[in-house]
Amino acid sequence: MASRAEPASRAEPVDAAGRRDWRDVLRDAADLALLGILLTLAALPLLTVAAAVGTASAAVHDWTRTGSWPSARTTVRRFGRAVPPGVPVSLLALAVAGLLAADLAALATGRVPGGPVALLVTALVTAGLAGYAGLVVVEVGGGGRWREAARSAARACLDAPTRWAALTGVVALAGLLAVLVTPVAVPILAGYTLAALHAVANRQPIAAAVTSGRGGHAGGRRSVPTYPESP
């Protein structure tokens, strides 16, 4: 996405009570919607799913810390570098998602034994894996490689199961909304879901992240507690 030319001049007005200006909130909402649309378009070839998600995650990472989006040139360069290492990740993710979907469908229709108990267990496992995958995406957005991010996210999930549960809830809610909303709105939902994952993983609300990034700190940056990356 195109960067904001002058982040300082477009900083949102924040009053003494810390409330944000509605126009900047609307602008951020539009930016996230556009991010989701671009993410979906970049992922259409399927083999570029990992590259698209990783690049979008990096853009959200920059946004939550500086209050501005990376330039289009930076985003395209990131995407180009992410495609080759992302192909096997895309294949693995698509294969796992396909197998889990087929298993859930078979259990739900009674084509395989197990009944409601097996269906519930499989659904919980699927949701947990989705939450773990969400944390991996956040780690990649912070600059990590897929393999190191997967290891770091696995340790983080074991060390902070409540955070893992929160991330799982974000993904589950996004999946539910994707079923309920019109298909045209699903790409828009992707941008909001990615921002929510970053907010939960970084232990603070999106609004607070943007406000801190845009003002009140030297250099427009802030310190955010994140999971340690693999050495």
Does Leu104 offer a backbone N or O that forms a donor-acceptor pair with the side chain of Thr122 under 3.5 Å? no
Would you say Arg78 has more than 12 foreign heavy atoms packed within less than 6.0 Å of its CZ? yes
Contact check, side chains of Leu124 and Leu120, non-hydrogen atoms, under 4.5 Å: yes
Main-chain N/O of Gly86 paired to Trp146 side chain as donor or acceptor, under 3.5 Å: no
Under 4.5 Å between any side-chain heavy atoms of Trp69 and Thr75, yes or no? no
From the list Leu94, Leu100, Leu99, side-chain contact (heavy atoms from CB on, under 4.5 Å) partner of Val96 resolves to Leu100
Quick check: closest heavy atoms across Val170 and Leu197, and the distance to 0.1 Å? CG1-CD2, 3.8 Å
For Tyr132 against Cys157, the heavy-atom pair lying closest together: CD1-SG, 4.0 Å
Does any non-hydrogen side-chain atom of Ser57 lie less than 4.5 Å from one of Leu194? yes
Walk me through whether Thr109 and Arg111 qualify under side chain to side chain donor-acceptor pair (under 3.5 Å). CA-CA 6 Å; Thr109 57; Arg111 289 179 296 184; 3.0 Å; yes
State whether the side chain of Thr64 and the backbone N or O of His61 hold a donor-acceptor pair below 3.5 Å, judged by distance alone. yes
Among Val171, Leu167, Thr168, exactly one meets side-chain contact (heavy atoms from CB on, under 4.5 Å) together with Leu135. Which residue is that? Leu167
Could you check if a side-chain atom of Val89 sits within less than 4.5 angstrom of a side-chain atom of Arg145, using non-hydrogen atoms only? no
Please name the pair of heavy atoms, one in Ala59 and one in Leu35, separated by the smallest distance, quoted to 0.1 Å. CB-CD1, 4.3 Å
